[in-house]
*Asks:* 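Questions regarding the structure given below will be posed in turn.
The chains referred to below are lettered A, B, ... by the order of the sequence lines, with proteins before strands, and numbering in each begins at 1.
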There are 2 protein chains.
Amino acid sequence: MTNTSAMNKVNLETSVNHHIAISAIMIKRVFFKILSRNKLNITPEQWNVLYHLSESDGLTAGELSELTYKDLANMSRMTQKLEIAGLIEKKRDDTDKRIFKLFITEKGKVLNNRLHEYAFESTNISLEGIDEASKKIMVKSLKQVILNTEKFLK
Amino acid sequence: MTNTSAMNKVNLETSVNHHIAISAIMIKRVFFKILSRNKLNITPEQWNVLYHLSESDGLTAGELSELTYKDLANMSRMTQKLEIAGLIEKKRDDTDKRIFKLFITEKGKVLNNRLHEYAFESTNISLEGIDEASKKIMVKSLKQVILNTEKFLK
DNA sequence: CAGAAGTATTTGTCATGACAAATATATTTA
DNA sequence: TAAATATATTTGTCATGACAAATACTTCTG
């Protein structure tokens, strides 16, 4: 044996983490596919931003990065692209000139509503055959995972 | 209302898909952090390749891309990096000259064993406080998600 | 067996993710 | 109030993900 320390071998076949990772990849791929099939020139990540702005307009890039669990640097680039695409607007704050407040445009709202439909469709595809009780347990457990990892990373 | 069609609004707060996506991001982030803290010059994705090669040596890039649910183009680049890092070797097949067979090196094996320890550690962090029954249900449901999405994408 | 079709891998491009460093503005403090 | 700190955002770099196109072999078929 190459390694003489205690061997805690991970078995991907039974690993919860691994199945979460693969499911996430596949779910995103399905959503991505549905979006491109329908010629929607937007990514799942960009939709996430639109979603949050349509729920509460006027968020900053920093607030959005927390809500979406994304790096602020990447959020900055995403909002640039969304602004260029005319889906959101950035307005410099009057009292604090470091801040941009972000607003969804009319074009963005229209697209967002269509995206809800496609997100709904992609949800139905991925969750087919899974009963409500299991879904509840999954959401509860996944919330716990998120809490655990947030605590570790803090 | 902007949209006059049937409105199937998605609520991220209760969405299984959304919680899978966020959990996956956070789990990877924890593992990534543990790896860089320990000065392991490798990414979670690259470990995935090492893992599979240590389980069954001599796989091709195509086989690896299926096992890891990754794009073949990206797998090609990942194996290039792993070869440069001296963790795997690519050997041209004698009978079919299009194929490379991939082998983990001694250096790769040593690293792989260390990575199992860190994967184990990161699993414990993310799953703390989740009971065995819930874990079983999660794995079973997530396998179903993977099947559902594979079927759709095929 | 030559050309067509299929297969394995690579390369190019654009979006995202992690993370360090830079920039601009605000706030705190000596 | 000037200097140090803190905060919001941006830019740069490298790895990854999706996807189209190119390359190099193999296999199939007329």
*Asks:* Taking the minimum atom-to-atom distance to the side chain of A:Ala73, which one of D:dT9, D:dT10, D:dT16 wins?
*Replies:*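 Within the option list, the nearest is D:dT10.
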*Asks:* Find which nucleotide of DNA chain C each of B:Lys28 and B:Met75 is nearest to by heavy atoms, and output the residue with the more 5' nucleotide.
*Replies:* B:Met75
*Asks:* Between atom CZ in A:Phe31 and atom C1' in D:dG17, what is the gap in whole Å?
*Replies:*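 Interatomic distance, CZ of A:Phe31 to C1' of D:dG17: 16 Å.
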*Asks:* Round to a whole Å and report the spacing from CZ of B:Arg29 to P of C:dG17.
*Replies:*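 About 9 Å, once rounded to whole Å.
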*Asks:* Can you check the B:Leu40 CG to D:dA15 P distance for me, whole Å?
*Replies:* 16 Å
*Asks:* Answer yes or no: does a side-chain N or O of A:Ser76 lie under 4.0 Å from OP1 or OP2 of D:dT10?
*Replies:*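 Yes, A:Ser76 has a side-chain N/O under 4.0 Å of OP1/OP2 on D:dT10.
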*Asks:* From B:Leu111 CG over to B:Gln46 CD, what is the distance, rounded to the nearest 0.5 angstrom?
*Replies:*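 The CD atom of B:Gln46 is 9.5 Å from CG of B:Leu111, to the nearest 0.5 Å.
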*Asks:* Take B:Asp71 and B:Ser65 through the side-chain hydrogen bond (donor to acceptor under 3.5 Å, both in side chains) test and state the conclusion after the steps.
*Replies:* CA-CA 6 Å; B:Asp71 187 297; B:Ser65 83; over 6 Å; no
*Asks:* Judged by each residue's nearest nucleotide on DNA chain D, which is more toward the 5′ side, B:Gln46 or A:Ser36?
*Replies:* B:Gln46
*Asks:* CG of B:Asp93 to NZ of B:Lys101: how many Å apart, nearest 0.5 Å?
*Replies:*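 Here the interatomic distance stands at 5.0 Å.
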*Asks:* Measure from CG on B:Leu35 to P on C:dC19 and round the result to the nearest Å.
*Replies:* 11 Å
*Asks:* Without decimals, in angstroms, what is the distance between B:Phe32 CZ and C:dT16 P?
*Replies:* 18 Å
*Asks:* Specify the separation, in whole Å, of atom CG of B:Leu59 and atom P of C:dA8.
*Replies:* 14 Å
*Asks:* Is any NZ, NE, NH1 or NH2 atom of the basic residue among A:Glu117 and A:Arg114 found under 4.0 Å from an Asp or Glu carboxylate oxygen of the other?
*Replies:*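 Salt bridge absent between A:Glu117 and A:Arg114.
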*Asks:* Hey, is the main chain of A:Leu12 close enough, under 3.5 Å, to the side chain of A:Ser15 for a donor-acceptor pair?
*Replies:* no
*Asks:* Tell me which residues in residues 146-154 of chain B lie within less than 4.0 Å of DNA chain D, going by non-hydrogen atoms.
*Replies:*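 Nothing qualifies; none.
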*Asks:* Starting at CE of A:Met78, measure out to OG1 of A:Thr68 and round the result to the nearest 0.5 Å.
*Replies:*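 It comes to 6.5 Å.
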*Asks:* Aromatic contact between A:Trp47 and A:His52, with the criterion being ring centroids under 6.0 Å apart: yes or no?
*Replies:* no
*Asks:* Between C:dT9, D:dT10, C:dT16, spot the one nearest the side chain of B:Leu72, thanks.
*Replies:*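 Minimum distance to the B:Leu72 side chain belongs to C:dT9.
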*Asks:* Here's one to test your reading of the geometry: is the NZ or CZ of A:Lys9 within 45 degrees of the ring axis of B:Phe120 and under 6.0 Å from its centre?
*Replies:*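 Checked: cation-pi criterion not met.
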*Asks:* For A:Ile34 and D:dC19, what is the distance between atoms CD1 and P respectively, to the nearest whole Å?
*Replies:* 12 Å
*Asks:* For residues 21-31 of chain B, which residue pairs pass the salt bridge (charged side-chain N to carboxylate O under 4.0 Å, His left out) check, not counting sequence neighbours?
*Replies:*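 Listed once each, the pairs are B:Lys28-B:Glu45.
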*Asks:* Tell me whether the side-chain N/O atoms of A:Lys70 come closer than 4.0 Å to OP1 or OP2 in C:dG17.
*Replies:*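 Indeed, a polar side-chain atom of A:Lys70 lies that close.
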*Asks:* Any luck finding a side-chain donor-acceptor pair between A:Ser54 and A:Asn112 under 3.5 Å?
*Replies:*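 A donor-acceptor contact under 3.5 Å links the two side chains.
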*Asks:* Can you tell me how far P of D:dA8 sits from CG of A:Asp71, to the nearest Å?
*Replies:*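 In whole Å, D:dA8 P lies 15 Å from A:Asp71 CG.
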*Asks:* Going by number, which of residues 77-102 of chain B have a non-hydrogen atom under 4.0 Å from DNA chain D?
*Replies:* B:Arg77, B:Met78, B:Lys81, B:Thr95, B:Asp96, B:Lys97, B:Arg98
*Asks:* Of the candidate nucleotides C:dC19, C:dT9, D:dA18, which contains the atom at the shortest distance from the side chain of A:Asn74?
*Replies:*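 Of the candidates, C:dC19 comes closest.
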